Amino acid sequence: MITPEEFANFREQLVKMYHLRSALAVLQWDEEVNMPPKGATFRAQTTAHLAGLLHQHFLALNTNNQLEKLKAAYDANTLREQDSVVVREIWREYEREAKLPEKFVIALAQTVSEAHTHWVEARKTNDFLIFLPSLSKIIELKRQEAELIGYGANPYDALIDAYEPGTKTEDLEIMFAELKDFLVPFLKKIKQKSAKPIISLTGSFPLEKQREFNRLVAQKLGYDFEAGRIDVSAHPFSTTFNPLDSRITTRYSEKDLFYSLSSTIHEVGHALYEQGLPPEHFGTPLADSISLGIHESQSRMWENQIGKSKLFWNYWYPKLQKTFPEPFANITLDDFYVALNTVKPSLIRTESDEVTYNLHIVIRFELEKALIDGSLNPKDLPEAWNQKYKDYLGVRVPNNREGVLQDIHWSHGSFGYFPTYTLGNLYAAQFFAAAQKELLYLNSEITRGNYSHLLEWLRKNIHAHGRMFSANDLVQKVTGEPPSSRYFIDYLTNKFSQIYFLSTIIAR
Ligand code: ZN
């Protein structure tokens, strides 16, 4: 039997770990936002030391077999419901961590740190061969990791599990096959229709005005500036230090207003999730996000379903025209909307539109899987990459810098990460369809710049649960169905059939 005192003591240990994690998050945020370049070397030592302490705290959770006793109580079903969630989730992390010998963890950390430098150099000089040796090493280590963790049907399962617990390779294969079957022909149809007046949305946008506009939008969406702030970094991200401090970063381009605005809305979506987690449970999995896919569903919904919709711009476009009369004063809302949503197959994932985005992910998923199961030799990766870009997107890759070397993920050892972007898109479409069904006035509210009911709905149905449910169970609970690619396919079909005058609108 676990006494209430014992559980309180366990919780206290989790909160102490949370404080350490919070300190680490502040340091990492500072590194990307403020730190002068010369500070990097000593800072890396500080972070490594704190990360080591955190790891020790984590393993110490099982001192005197405390964690095993809690797990036994969980198995015997003698814990209170909320406590059982805490134990289930901590045990899952602990089991994974405990399976990786320290020697392996150190080897991976060293390889990844070298690989990153090689990747930067390879990308700069457009020379894949500079990156190849460390990439091969990482793949070898990731295959070892899969063996150490254990898996059912596919070694890749063990890697995905770190980012999207419970999701199997087979689920992803089905999902990506459905998407590919839809997207490839749909894209072909769109490409045949591209002969329309093409309007450029670029111009000259003073940064100060952009900052103000970004802030205005973030505030209106519900981002609490008393519990967060927006800064600038090379790669936008969101981070949380505590329940009342969730920050985001963005980036600016003088020429392209949407370079900052899209990523601001995206990161606000992440931060709204964090700001909606129940503060009374802070430090425990009950106040933590479920998975990368669910996190991404929140950012994508605000960025795309809301931020790239006509309804959204009904409210914001007159304000945009007033703030930036050049070039918007002479562009109608209809033309602006079409220009904002132009579909154009391209080489770079992070600059792609809603239709082509997931084809970039399909490609990465298929390649990662083949690298991990050994059917693709890393030295043949560029060729395989280029062939898939030709087959799926119809584009020729002119060099490796804009091809296989474009993403940082593999140099970090993040295999199994990419699919969570697409899962996020699918969850977003399915959640949003459910919200539209339940919130009768949602469309007219968005037209008036009012998002409070939508945010309340997300808080109540998604954010408030922390990690109470798995991603699959949450989707089932909120939408009444298991995760499906259908809602996303319907969403794209309807939206882009209207924009491109295709006769394929689906009404469900
Ligand atoms: Zn994101």
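Just so you know, these numbers come straight off a predicted model, no measurement behind them. Start at 1 with the first residue, then count along the sequence. One-based numbering, in listed order, for ligands and for the atoms of each.
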Colleague: Give a rough value, rounded to 10 degrees, for the angle at the Zn ion (ligand 1) between atoms NE2 of His270 and NE2 of His266.
Modeller: 100°
Colleague: Of all N, O or S atoms in Glu296, identify the one at the shortest distance from the Zn ion (ligand 1).
Modeller: OE1
Colleague: Output yes when Arg364 and Glu368 qualify as a salt bridge under the 4.0 Å nitrogen-oxygen rule, no when they do not.
Modeller: no
Colleague: Is the Zn ion (ligand 1) less than 2.8 Å from an N/O/S atom of Glu267, whether that atom is in the backbone or a side chain?
Modeller: no
Colleague: What are the two closest heavy atoms between Gln305 and Phe432, and how far apart are they?
Modeller: CG-CD2, 3.6 Å
Colleague: Is there a donor-acceptor pair closer than 3.5 Å between any side-chain N or O of Ser291 and the backbone N or O of Ile294?
Modeller: yes
Colleague: Between Glu366 and Lys388 (salt bridge meaning N to carboxylate O under 4.0 Å), is one present in this structure?
Modeller: yes
